Peer 1: 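Mind looking over this structure? Questions follow.
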Amino acid sequence: MAYWLVKSEPEAWSWDDQTKAKRTHWNGVRNAQALINMRAMKMGEEVFFYHSNVGKEIVGICTVVREFYPDPADDKSGLVDLAASRPLPRPVTLAALKSDGRFDDLGLIRQSRLSVMPVSAAHWRAIMTLAGAK
DNA sequence: GCCAACGTTGGC
DNA sequence: GCCAACGTTGGC
């Protein structure tokens, strides 16, 4: 069971939008590394939903409801489907992760431009604790 | 196949 | 709004 993190600018697509939509096609990813990560996502795996630019915090958790498939509209891209699962009781900010010290090798901090990345089980648990979630 | 120029992302 | 980091493009 792997864990993931996806980023979205809330002005383009926010956690509220994701919650209302129930299930979305996560499309428009062109970055090679992000696509490799998307290919590795399996049904039912959990994904942190991070607000970039505005908020800069992890706000909720989605689950993978459809594994990677090619984008019919763009042969250089592909999709996974994500469904909102639950919000975090307390969002975890980028500043909090940076000042904590345990997350220096988290993709979000190490490679800030990557939009889809794996999260280790240890990091996942630590972030869940910071969020006041189980 | 190299690399300079350019575009985009995202933190500050 | 600025700029660093990094990906992509195109001329050679």
Side-chain angles (χ1 to χ4, degrees):
Chain A
M1 205 61 175
Y3 296 103
W4 308 95
L5 182 148
V6 297
K7 298 202 287 200
S8 184
E9 294 192 39
E11 288 174 343
W13 185 257
S14 71
W15 172 252
D16 277 352
D17 295 328
Q18 181 73 32
T19 303
K20 286 183 196 133
K22 310 272 191 234
R23 176 193 181 110
T24 57
H25 306 300
W26 205 259
N27 64 1
V29 175
R30 297 292 295 273
N31 175 275
Q33 190 59 49
L35 287 167
I36 288 168
N37 292 333
M38 285 169 70
R39 283 179 185 278
M41 289 180 170
K42 297 299 170 201
M43 284 292 291
E45 288 183 339
E46 292 185 302
V47 184
F48 280 137
F49 191 102
Y50 173 79
H51 277 168
S52 62
N53 284 320
V54 180
K56 283 170 286 187
E57 56 191 8
I58 301 169
V59 289
I61 297 169
C62 292
T63 54
V64 178
V65 293
R66 183 174 172 188
E67 293 179 8
F68 188 89
Y69 55 105
D71 187 341
D74 180 355
D75 63 6
K76 289 194 172 59
S77 189
L79 324 174
V80 294
D81 289 0
L82 299 180
S85 170
R86 58 203 185 279
L88 294 183
R90 262 180 288 128
V92 177
T93 64
L94 181 64
L97 293 172
K98 280 193 167 170
S99 64
D100 188 288
R102 285 178 292 169
F103 302 103
D104 290 351
D105 57 345
L106 184 68
L108 193 64
I109 289 168
R110 223 185 46 235
Q111 207 182 340
S112 67
R113 289 187 55 192
L114 187 59
S115 61
V116 181
M117 68 195 74
V119 176
S120 72
H123 279 154
W124 181 276
R125 281 193 297 272
I127 292 168
M128 290 295 271
T129 301
L130 290 177
K134 287 182 262 345

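Letters A, B, ... are given to chains in the order of the sequence lines, protein chains preceding strands, and every chain is numbered from 1. These numbers come from the heavy atoms of this one structure, side chains and all, not from hydrogens, waters or symmetry mates. Only a predicted model underlies this, so the values are computations on that prediction, with no experimental measurement involved.
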Peer 1: Taking atom C1' of dG7(C) as reference, at what distance in whole Å does atom CD of Q111(A) sit?
Peer 2: 11 Å

Peer 1: Specify the separation, in whole Å, of atom CG of N53(A) and atom C1' of dA4(C).
Peer 2: 14 Å

Peer 1: Give the rounded distance in Å between these two atoms: CG of L114(A) and P of dG11(B).
Peer 2: 12 Å

Peer 1: Measure CD/E9(A) against P/dT9(B) and give the value in whole Å, please.
Peer 2: 7 Å

Peer 1: Keeping the roles fixed (side chain from Q18(A), backbone from L82(A)), state whether a donor-acceptor pair exists under 3.5 Å.
Peer 2: yes

Peer 1: Between Q33(A) and dT8(C), is there a contact of a side-chain N or O with OP1 or OP2 at under 4.0 Å?
Peer 2: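 For dT8(C), OP1/OP2 do not have a side-chain N/O of Q33(A) under 4.0 Å.
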
Peer 1: If the plane angle is over 60° it's perpendicular, under 30° parallel, otherwise tilted; pick one for Y69(A) and H25(A).
Peer 2: perpendicular

Peer 1: Atom CD of E11(A) and atom P of dT8(B): how far apart are they, to the nearest Å?
Peer 2: 18 Å

Peer 1: Before we go on, tell me: are the rings of W13(A) and F49(A) under 6.0 Å apart, centre to centre?
Peer 2: no

Peer 1: Quick one: is dC12(B) close enough that its OP1 or OP2 comes under 4.0 Å of any side-chain N or O from K98(A)?
Peer 2: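 So the side-chain polar atoms of K98(A) do come within 4.0 Å of the phosphate oxygens OP1 or OP2 of dC12(B), strictly under.
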
Peer 1: If only side-chain N and O atoms of Y50(A) are considered, is one of them under 4.0 Å from the OP1 or OP2 phosphate oxygen of dT9(B)?
Peer 2: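 False: Y50(A) side-chain N/O out of range (4.0 Å or more) of dT9(B) OP1/OP2.
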
Peer 1: Nearest whole Å is fine: how far is dC12(B) C1' from I109(A) CD1?
Peer 2: 15 Å

Peer 1: Would you tell me whether T19(A) and D16(A) have side-chain atoms, one donor and one acceptor, within less than 3.5 Å of each other?
Peer 2: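 D16(A) and T19(A) do not have a side-chain donor-acceptor pair below 3.5 Å.
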
Peer 1: Without decimals, in angstroms, what is the distance between L108(A) CG and dC12(B) P?
Peer 2: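 Computing the L108(A):CG to dC12(B):P distance gives 10 Å.
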
Peer 1: Find the distance L94(A):CG to dT9(B):C1' and express it as a whole number of Å.
Peer 2: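 Value for this atom pair: 14 Å.
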
Peer 1: Tell me whether the OP1 or OP2 atom of dG10(B) has a side-chain N or O from K56(A) closer than 4.0 Å.
Peer 2: no

Peer 1: Hey, does the side-chain of R113(A) have a donor or acceptor N/O within less than 3.5 Å of a partner on the base of dT8(B)?
Peer 2: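 Answer yes: a donor N or O sits under 3.5 Å from an acceptor.
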
